[in-house]
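Here the structure comes first, spelled out in structure tokens, and everything after it is commentary.
Worth saying up front: this structure is predicted, and the values here are computed from it rather than measured.
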Amino acid sequence: IDRSPMALPVPDDALADTLHLLPASTHRLLLLRLRLLRNLLAGDDLNQGTFVLLSGPAAVVSSALSSPSDSSDVARAGLQALGNAALAGEHHRAAVWDALFPGSLLELARVREKGVLDPLCMVIDTCCSGEGGRGRLEELCHEELGLPILVEIVTTAWQGACAAIS
């Protein structure tokens, strides 16, 4: 957020209000609100911290998964918001991972869209890096919990590659 005197100020409670409104959002409003969260979380330490304190990762995951399965744009925007939050540090990566792994991550990995696959892989890469990343990587390689997620990711990537060749 540009905090220069010429920039319009964003109310401090915009993030909290947006999180609060996610569950009651229609598809279109949910998409817009997730995009707003994504932008509010992009490189803003205060918003990233508030997001985790207010259980934002769980709210975003729940909202993104409650949307109809054919709405990959909602899943993409939700994952982008989670990716921006995870970039803030280990505490944030842990909160995002806890909200996703394993069930929700598997559901999102089953969305057969490259537009979802890219931010999904970004979130996994971010969460599996840094000081706590090794433990999360081990969870991802767990035969029963993590490997099905990786299989879904590879399947989506393979289908995209085959479609590009056709």
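- With contacts defined as side-chain heavy-atom distances shorter than 4.5 Å, the pair L145/F101 qualifies.
- For the atom pair CD1 of I149 and NE2 of H142, the computed distance is 11.5 Å after rounding to the nearest 0.5 Å.
- Although no hydrogens or angles enter the test, the distance criterion places a donor-acceptor pair under 3.5 Å between the side chain of S63 and the main chain of A59.
- Here N84 contributes atom CG and H92 contributes atom NE2; the two are 12.0 Å apart, rounded to the nearest 0.5 Å.
- Put simply, CZ on R136 and OG on S129 are 8.0 Å apart, with the number rounded to the nearest 0.5 Å.
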- Take I124 and I153 through the test side-chain contact (heavy atoms from CB on, under 4.5 Å) and record every step on the way to the result. CA-CA 11 Å; I124 291 171; I153 290 170; 3.5 Å; yes
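- For the residue pair V116 and S72, the shortest heavy atom distance occurs at CG2-O, 3.4 Å.
- Grouping the Ile, Leu, Val, Met, Phe, Trp and Tyr side chains by contacts below 4.5 angstrom, directly or via other members, places L117 with L147.
- A single hydrophobic cluster is seen to contain both L34 and L65, as judged by linkage of ILVMFWY side chains at heavy-atom distances under 4.5 Å, directly or through other members.
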- Please report the C-alpha distance between V74 and H27 in whole Å, then the side-chain angles of each, then the deciding distance to 0.1 Å, and finally whether the side-chain contact (heavy atoms from CB on, under 4.5 Å) criterion is met. CA-CA 8 Å; V74 167; H27 173 76; 3.3 Å; yes
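- L54 and V96 fall within a single hydrophobic cluster, where Ile, Leu, Val, Met, Phe, Trp and Tyr side chains are chained together by heavy-atom contacts under 4.5 Å.
- The shortest non-hydrogen separation linking R33 to L21 is NH1-O, 3.5 Å.
- In terms of modelled atom types and a separation under 3.5 Å, the side chain of Q48 and the main chain of L41 share a donor-acceptor contact.
- One finds the CG atom of D125 at 11.0 Å from the CG atom of L120 (value rounded to the nearest 0.5 Å).
- The one candidate from R112, E113, K114 that meets the side chain to side chain donor-acceptor pair (under 3.5 Å) condition with T156 is R112.
- When all heavy atoms of A95 and P57 are compared, the closest pair comes out as O-CB, 3.7 Å.
- Nearest heavy atoms, L79 versus P119: CB-CB, 3.8 Å.
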- Task: Start with the C-alpha gap between E152 and L106, add the side-chain angles, then the distance that decides, and say whether side-chain contact (heavy atoms from CB on, under 4.5 Å) holds.
- Result: CA-CA 8 Å; E152 294 297 335; L106 181 60; 3.8 Å; yes
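- Listed here is the closest heavy atom pair of L37 and T18: CG-CG2, 3.7 Å.
- Looking at heavy atoms from C-beta onward, W97 lies out of side-chain contact with T126 at the 4.5 angstrom threshold.
- A pairwise comparison of heavy atoms in N47 and D44 identifies N-OD1, 2.8 Å as the closest pair.
- The CD atom of Q80 lies 6.5 Å from the CE atom of M122; values are rounded to the nearest 0.5 Å.
- Expressed to the nearest 0.5 Å, how far CG of L150 lies from OG1 of T155 amounts to 10.5 Å.
- Salt bridge status for R134 with E90: absent, with no side-chain N to carboxylate O gap under 4.0 Å.
- At distances below 3.5 Å, at least one donor-acceptor pair connects side-chain atoms of S25 with backbone N or O atoms of L22.
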